[in-house]
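So the structure is just underneath, and the comments pick up after that.
Remember, it's 1-based here, ligands and their atoms both numbered in the order they're listed. Values below: all heavy atoms of this structure, side chains included; hydrogens, waters and symmetry mates excluded. Each residue takes its place number in the sequence, starting with 1.
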Amino acid sequence: MPSEGKFCSTADGAVTIVFPKGHAVVKTGGVYLKRYTGKSVVKGIAVGRIYWYKKQNYKVVKTEVSEVNAERERFERAVETAKKQLAVLYEDALRDLGEDHAMIFEIHRMLLEDKDYLNAVKNVIEEGFSGEYAVDVAEEQFAKMFASMDDEYMKARAADIKDISKRLINILAGIGEDGIHTDKPVIVVAEDLTPSETVKMDKDKILAFVTVKGSSNSHTAILARSMNLPSLVNTQMELTEEMNGKMAVVDGFNGEFMIEPEAEILEEMRTRQNQWIADLKGLELLKGKENVTSDGRRINLYANIGNVNDVDAALEADAGGIGLLRSEFLYLGRKDYPSEEEQFESYKTVLEKMNGKKVIIRTLDIGADKKVDYFKLEPEENPAMGYRAIRICLDRPEILITQLRAIYRASSYGTVAIMFPMIVSVNEIIRLKEIVGQVKEKLRTEGFQMGEVEIGIMIETPAAAVISDVLAKEVDFFSIGTNDLTQYTLAVDRQNQKLESSWDTHHPAVLRLIKMTVDNGHREGIWVGICGELAADTELTHTFLDMGVDELSVAAANVLKVRKAIRDI
Ligand code: PEP
Ligand code: MG
């Protein structure tokens, strides 16, 4: 690699200029291509336009545009999107708060039809400026005008102008609060993405994720895997306005992000993309086949899901069940706790769709990187080892009780199991089982039908693995969470991108704890599965079978890949 700022010729005559922050501009045949490297999270290839997902602290800058017509149309589309958002807000507020509160959204929608305001924005666009800047200018002009009026009602409209202008600017700038706003699927680039932001995004609108920060073991990466979208994290690049809308390629096989590749490279990448898709199609021949080795050893192969919609992907992948429903995703990206009724409907839908196949619901694992404002969690020095999961549930049992009621009420619609995360002691299980007993008793007196529900725990702390002989006496099954188990065993923060190279899931300490857990579980006659990301690591499939693991639960996109690995043994 040449040093920074240096030119370097390659054998094929291309010229590479290496810039700080690890990106290179390669000039081939007069066309510039920006190429960045990142850490691949999902292997695959995506080709499409870039969408820069920005956070809330976006500042409008005076930006000139050359395509005035296109900019005006972009603004008009933003107005339509804003109206749709306001219609949804109106309906929600009408339902939850009544007509008086809902009216404000109707007023905002009407303001978006105000010809004077719209023309003021369009005039600035006609002068050759961006939609964001034009809205900003019109906002100032109109807000001042309303504020200077004598009539109190009209004065108050200044705030509404500010509000609708902010909404429009957010939409135009692709600022994240309400997901992404695009008609066509895009490659989402961002400084970083939280799980809350990622779950709010419409999967059908995304081709790939590329983030500057982030680690491949974070929940955002896990979400990208569950969506099977080619994705890179820790990509050494500087995000700039001019990237937005440019054609790009994400190569998840080689960890490369290329902006405006020349026609030849684009062509080559499309060929590789087609090959990748063909390979995935080839795996489909394994649908309906058993998870059995050539010498007759069988294992259950389930899917991990984050929300109700993911069930379709699990069924499509021919998963034998759901080995991990990360129920906390129901709590993310919203303003208040999901009610018992809402959760009941979600679990019931999953169970009905799975049609008798087992669904293991993990009780909420909020905390650490999965934050929600309405939980009012205080900032912590060490959130991964802090107030999270069952620690919150045992402290604030009303939250857990609502969830357990919803699960038990749904239990008569299929085969459900409950699994508790972040266990470190027998006492926790005893207390959790007491709460379960009370919930069941209450539901019985209320006349609800309930099915049989297995109770299990995640083994994802070294403490739980080490005392798994004792814990096994208390539960029906173990599911090993290798993501957290690796984090705590190796003392390597799974969120820290600087520690990627220390993230060694094949470390003998991790493998020994897995083996110890399987043996202890079997000694007490309970089944043991793995639901962490390691379950999909086909280099270890043989090892897991030799250890006697009973179930592997992987992202839906990996089910057939793992089935192939099992059948190849
Ligand atoms: C794990 O820790 O391995 C696990 C499955 O849970 P999560 O990744 O959601 O923390
Ligand atoms: Mg975990």
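- In this structure, a donor-acceptor pair under 3.5 Å is absent between the side chains of Q449 and Y408.
- Near D484, the atoms of ligand 1 lying under 4.0 angstrom from a non-hydrogen atom of the residue are 1 (C), 2 (O), 3 (O), 10 (O).
- Interface of R494 with ligand 1, defined as ligand atoms under 4.0 Å from a residue heavy atom, comprises 2 (O), 7 (P), 8 (O), 10 (O).
- Shown in contact with C531 at under 4.0 Å from a heavy atom are these atoms of ligand 1, numbered in order with element: 5 (C).
- Backbone and side-chain nitrogen or oxygen atoms of E328 are examined, and none is located within less than 3.5 angstrom of a nitrogen or oxygen of ligand 1.
- A salt bridge between K287 and E316 is present, with a side-chain N of the basic residue lying under 4.0 Å from a carboxylate O of the acidic one.
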Practice problem: Starting from the C-alpha separation in whole Å, work towards a yes-or-no answer on side-chain hydrogen bond (donor to acceptor under 3.5 Å, both in side chains) for Q343 and Y331. | Solution: CA-CA 10 Å; Q343 291 192 57; Y331 293 71; 3.2 Å; yes
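- Atom numbering of ligand 1 starts at 1 in the shown order; those under 4.0 Å from a heavy atom of E460 are 1 (C), 2 (O), 4 (C), 6 (O).
- Looking at I187 and F257, their side chains come closer than 4.5 Å, going by heavy atoms from C-beta outward.
- For atom 7 (P) of ligand 1, the nearest protein heavy atom (residue, atom name, distance) is H219 NE2, 3.1 Å.
- Considering both main-chain and side-chain atoms, E533 never comes within under 3.5 Å of ligand 1 through any nitrogen or oxygen pair.
- Residue contact check: L324 has heavy atoms under 4.0 Å from atoms 5 (C) of ligand 1.
- Remark: side-chain polar atoms of E256 are not paired, donor with acceptor, to backbone N or O of D251 under 3.5 angstrom.
- Side-chain contact check for Q487 and N483: no donor-acceptor pair (N or O, by modelled atom type) lies under 3.5 Å.
- The shortest side-chain heavy-atom distance between I569 and R297 falls under the 4.5 Å cut-off.
- Residue I222 touches ligand 1 through its side chain alone, judged by heavy-atom distances below 4.0 Å.
- With hydrogens and angles left out, the side-chain atoms of S553 and N304 include a donor and acceptor closer than 3.5 Å.
- Taking distances strictly below 2.8 Å, the protein N/O/S atoms close to the Mg ion (ligand 2) are E460 OE1, D484 OD2.
- When M422, M419, M458, K370 are ranked by how near their heavy atoms come to atom 4 (C) of ligand 1, first place goes to M458.
- Other residues, nucleotides and ligands contribute only 12 or fewer heavy atoms inside 6.0 Å of the NZ atom of K564.
- A side-chain donor-acceptor contact under 3.5 Å links Y347 and Q403.
- The single protein non-hydrogen atom nearest to atom 6 (O) of ligand 1 is R362 NH1, 2.9 Å, given as residue, atom name and distance.
- With a 6.0 Å radius and a threshold of 12 heavy atoms from other residues, nucleotides or ligands, R512 has its CZ atom at or below the threshold.
- With F253 as the aromatic partner, K43 does not meet the cation-pi criteria of under 6.0 angstrom to the ring centre and within 45 degrees of the ring axis.
- Counting atoms of ligand 1 from 1 in the listed order, those under 4.0 Å from a heavy atom of G532 are 3 (O), 5 (C).
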